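In listed order, ligands and their atoms are each counted from 1. Computed from a predicted structure; not experimentally measured.
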Amino acid sequence: MSTETTSAGGTALSAGGVDPRAVTTARLQQMKGRGEKIAVLTAYDYSFARMLDGAGIDVLLVGDSASNVMHGHQTTLPITLDQMIDHAAAVVRGTSRALVVVDLPFGTYQGDSQQALQSAVRIMKESGAHAVKVEGGAIIAESVGRILSAGIPVMGHLGLTPQSIHKFGSYTARATGREEADRLLDDARLLQDLGCFALVLEKIPAELATRVSTQLAIPTIGIGAGSGTDGQVLVIQDMLGINQGFSPRFLRRYAQLHEVITGAARQYATDVKAGTFPSRDESY
Ligand code: KIV
């Protein structure tokens, strides 16, 4: 019996209903066109990338949230370009279908478009990733334009932009007032006009995110931005319940891995100390 079905466009789908073809920026655009939502998760290493890619996640974002969840920093600011490249290269090695997008870390693209291009080129050359992501609108337009001019796809990121945390002083919702909402809409249009292929909208009112998503031709990916965006992204440690200290309203936990992992580690320690691991069958 065949395990394949066919999508509306006639493409053979795998048993899990996932189009097995590699995800490209053009395919994300087509998904928006036919109203198919885009599933994005962060990934920072080979093993997770393999699982998430195999599960049919469309885009793996090597987010600079690695600074928090992989390196234990309070903010995303300390992570370096070299560290991001290491994470990205591991994710690329674990991926065969998903589009891999990598955050340009703080201080590697904002003030100097030549430096922005060099940083993006290093990510593409040294990791094999498919695209980069940057935070901000008009203020980084020159950097975005320069990266795009080298043929490197760029994903924008507006709303709550964690690299600017010290400017705002909190992680509260953004663009809740008229003026900031209008500015965000202008920035979104600018990023699209510059040539960005997609846009992350973080922690903004659902109504505004829906408006941006309707007005833009490029796909929007929301986090804490309601259901009206063209796709959703979550940080993998958060959605798996590994990172217990973070519980914003927008976070749905799909597993409770903190309990699973600590329970397994506790049992292992008990077995080792009791001398019951390894058993005869587990020995040579
Ligand atoms: O760094 C990150 O993980 C991100 C997502 C939360 C969008 O930018």
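- With rounding to the nearest 0.5 Å, the separation of CG in L28 from CD1 in I221 is 7.0 Å.
- Per-residue contacts place S65 under 4.0 angstrom from the following atoms of ligand 1 (heavy atoms of the residue considered): 1 (O), 2 (C), 3 (O).
- Listed by atom number, the atoms of ligand 1 under 4.0 Å from G63 heavy atoms are 1 (O), 2 (C), 3 (O).
- For atom 6 (C) of ligand 1, the closest heavy atom belonging to the protein is I223 CD1, 3.8 Å.
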Can you check salt bridge (Lys or Arg N to Asp or Glu O under 4.0 Å) on R178 and D182, steps first, answer last?
CA-CA 6 Å; R178 173 81 189 269; D182 287 347; 3.4 Å; yes
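- The closest protein non-hydrogen atom to atom 8 (O) of ligand 1 is K133 NZ, 2.9 Å.
- Neither the backbone nor the side chain of I221 comes within contact range of ligand 1; no heavy atom lies under 4.0 Å.
- With a heavy-atom cut-off of 4.0 Å, T76 does not touch ligand 1 at all.
- Looking at D53 and S96, their side chains do bring a donor and an acceptor atom within 3.5 Å of each other.
- The proximity of T42 to ligand 1, defined as any non-hydrogen pair under 4.0 Å, is limited to the side chain.
- The two residues M31 and I38 come nearest to each other via the heavy atoms CE-CG1, 3.9 Å.
- With hydrogens and angles ignored, the 3.5 Å screen pairs no side-chain donor or acceptor of K133 with any backbone N or O of G156.
- A side-chain donor-acceptor contact under 3.5 Å links Y109 and Q163.
- Taking a cut-off of under 4.0 Å to the non-hydrogen atoms of D64, the atoms of ligand 1 that pass are 1 (O).
- The shortest separation from a heavy atom of E135 to ligand 1 is not under 4.0 Å, leaving the residue out of contact.
- Among all protein heavy atoms, the one lying closest to atom 7 (C) of ligand 1 is L61 CD2, 3.7 Å.
- Checked by atom type, the side-chain pair Q232/T229 shows a donor-acceptor distance below 3.5 Å.
- Atoms of ligand 1 found under 4.0 Å from any heavy atom of D103, numbered from 1 in the order shown, are 1 (O), 2 (C), 8 (O).
- Minimum interatomic distance between R21 and R97 (heavy atoms only, all atoms of both residues): O-CG, 3.5 Å.
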